[in-house]
**Student:** 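Before anything else, here's the structure in question.
Since the model is a prediction, treat every value here as computed from it, not as a measurement.
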Amino acid sequence: MENQQRSFGEVIKNIRKQRKMTQKMLSQNICSQSVLSRIENDGELPNVLVMAQLCQRLGVTIDQVMQMHSTEIQQVHALIEQMTFFFFHKNYQLLDELLHRPNLLNHLYLDTDLQLYHYYLGSCYFFLHHDSESALKELKRGLSYTFQLDKSNVSATEIQLISCIGSVYEDLRRMDLARQQLKYSLQLFQKMPPERMSNMAAKIFYNYAHFLYSQKEAEEALAIAKEGITVARKQKSYYYLDDLFLLTGRIYEYLGESSVAKQYFKASADVQYIRTI
């Protein structure tokens, strides 16, 4: 029993860190933070109800936790980090090669890890292979691992998936569905607690603003794009910031404000330069 407890606490701690969650975030409305600390450090054995609730919030089952070892978690974590690095820097060629590594899926058994796999694979189909139908299939499959319409705690990844599904619908000229998904993703983001937001949130604003711009709803597109720029700056993230500056410039150009547009075009070029050094 002692070995099982030590294993459970260590695994829970590693998964929590992989999810970039604090002890406060994981323990909220389940147990006190001090109790969670004792669990993670093998000082207390949680009852079955607490154990199940912690696992549910982490996106795993109790059986999965009991079968995992810390070395396996570290290896998977390193793999996910590498995928995310390529994805963040839009290096879809290297990401695609990594995703097609032989037996990769044998190392991914948590729903949230599989969700990321299909999110990144769908992105490669869209941006690298220009295959919108396959992209839509993979993005929907990724979302299906964890998302439910009545779910109270929607994750940053789920919101990004919904937004990207909207963008693929736009590419497929299914505009009603595109608007529905893009608007919904932004609504979900605005309800999310600040501590759970991803540093890749700017993409949600870019996707929606791009859609509105394509529909010639320039004023609305401008407001969304500027809000996205504000979010990216607050997060000190360059992800999609250059795209948002460029899109904002194009909107101003469309509105006949060429001098303002040039300022945003320059800002976009500056961010692109910073990203390359």
**Student:** What are the two closest non-hydrogen atoms of Leu136 and Ile165, and how far apart are they?
**Tutor:** CD1-CG2, 3.8 Å

**Student:** For the CD atom on Gln33, are there more than 12 heavy atoms of other groups (residues, nucleotides or ligands in this structure) within a distance under 6.0 Å?
**Tutor:** yes

**Student:** Take a 6.0 Å sphere around CZ of Arg16 and say whether it holds more than 12 heavy atoms from other residues, nucleotides or ligands.
**Tutor:** yes

**Student:** Determine whether a donor-acceptor pair (N or O, by modelled atom type, separation under 3.5 Å) exists between the side chain of Asn47 and the backbone of Leu49.
**Tutor:** yes

**Student:** Mark yes or no for whether Asp96, through its side chain, and Tyr92, through its backbone, hold a donor-acceptor pair below 3.5 Å.
**Tutor:** no

**Student:** Mark yes or no: Lys140 above the aromatic ring of Phe147, with NZ or CZ under 6.0 Å from the six-membered ring centre and no more than 45 degrees from the axis.
**Tutor:** no

**Student:** Please tell me if the side chains of Leu104 and Tyr117 come closer than 4.5 Å, counting only heavy atoms from C-beta onward.
**Tutor:** yes

**Student:** Kindly assign one of parallel, tilted or perpendicular to the pair Tyr145 and His118, based on the angle between their ring planes and the thresholds 30° and 60°.
**Tutor:** parallel

**Student:** Using every non-hydrogen atom in the two residues, find where Val271 and Leu241 come nearest and quote the distance to one decimal.
**Tutor:** CG2-CD2, 4.1 Å

**Student:** If we only count heavy atoms from C-beta on, is the Gln53 to Asn29 side-chain gap below 4.5 Å?
**Tutor:** no

**Student:** Just verifying a value: how many Å separate Arg101 CZ and Gln82 CD, rounded to the nearest 0.5 Å?
**Tutor:** 6.0 Å

**Student:** Would you find more than 12 non-hydrogen atoms of other residues, nucleotides or ligands less than 6.0 Å from Lys137 atom NZ?
**Tutor:** no

**Student:** Looking only at side-chain N and O atoms, does Asp243 offer a donor or acceptor that is under 3.5 Å from a partner on His210?
**Tutor:** no

**Student:** Is it true that a side-chain atom of Gln235 and a backbone atom of Ser198 form a donor plus acceptor pair closer than 3.5 Å?
**Tutor:** yes

**Student:** Measure across Glu44 and Val35 and return the closest heavy-atom pair with its distance rounded to 0.1 Å.
**Tutor:** OE2-CG1, 3.6 Å

**Student:** Could you tell me if the side chain of Tyr120 sits less than 4.5 Å from the side chain of Phe86, heavy atoms only?
**Tutor:** no

**Student:** Could you tell me the separation between the SG atom of Cys124 and the CG atom of Asp131, rounded to the nearest 0.5 Å?
**Tutor:** 12.0 Å

**Student:** For Tyr238, does the OH atom have more than 12 heavy-atom neighbours from other residues, nucleotides or ligands under 6.0 Å away?
**Tutor:** no

**Student:** OG1 of Thr248 to CD of Gln263: how many Å apart, nearest 0.5 Å?
**Tutor:** 12.0 Å

**Student:** Check this for me: does any side-chain nitrogen of one of Lys13 and Glu40 sit under 4.0 Å from a carboxylate oxygen of the other?
**Tutor:** no

**Student:** If every non-hydrogen atom of Tyr239 is compared with every non-hydrogen atom of Lys203, which pair is closest and at what distance?
**Tutor:** OH-CD, 3.5 Å

**Student:** Short question: side chain of Arg57, backbone of Met25 - any donor-acceptor pair under 3.5 Å?
**Tutor:** yes

**Student:** Between the main-chain N or O of Tyr169 and the side-chain N or O of Arg174, is there a donor-acceptor pair closer than 3.5 Å?
**Tutor:** no

**Student:** Do Tyr264 and Leu246 share a hydrophobic cluster (ILVMFWY, side-chain heavy atoms under 4.5 Å, transitive)?
**Tutor:** no

**Student:** Could you state the interatomic distance from CG (Leu121) to OG (Ser123), rounded to the nearest 0.5 Å?
**Tutor:** 8.5 Å

**Student:** Is there a donor-acceptor pair closer than 3.5 Å between any side-chain N or O of Ser185 and the backbone N or O of Ile162?
**Tutor:** no

**Student:** In the structure I gave you, are the side-chain heavy atoms of Phe265 and Glu253 within less than 4.5 Å of one another anywhere?
**Tutor:** yes

**Student:** Say whether Asn207 and Ser167, considering side chains only, have a donor N or O and an acceptor N or O under 3.5 Å apart.
**Tutor:** yes

**Student:** Looking at Asp176, I'd like to know if its CG atom is crowded, meaning that more than 12 non-hydrogen atoms belonging to other residues, nucleotides or ligands lie closer than 6.0 Å.
**Tutor:** no

**Student:** Can you check whether Ser163's main-chain N or O pairs, donor with acceptor, with Gln181's side chain at less than 3.5 Å?
**Tutor:** no

**Student:** What are the two closest non-hydrogen atoms of Val168 and Ala135, and how far apart are they?
**Tutor:** CG2-CB, 4.4 Å

**Student:** Any chance you could measure Tyr119, atom OH, to Cys164, atom SG, to the nearest 0.5 Å?
**Tutor:** 4.0 Å

**Student:** Could you tell me which non-hydrogen atom of Ala178 sits nearest to which non-hydrogen atom of Phe211, and how far apart they are?
**Tutor:** CB-CE1, 3.9 Å

**Student:** Rounded at 0.5 Å granularity, tell me how far NZ in Lys183 sits from CD1 in Ile224.
**Tutor:** 10.0 Å

**Student:** Cut-off 3.5 Å, side chains only: do Thr157 and Gln115 have a donor facing an acceptor?
**Tutor:** no

**Student:** Output yes when a side-chain donor or acceptor of Ser37 lies under 3.5 Å from a complementary backbone atom of Ser34, and no otherwise.
**Tutor:** no

**Student:** Heavy atoms, side chains only, cut-off 4.5 Å: are Leu139 and Tyr125 in contact?
**Tutor:** no

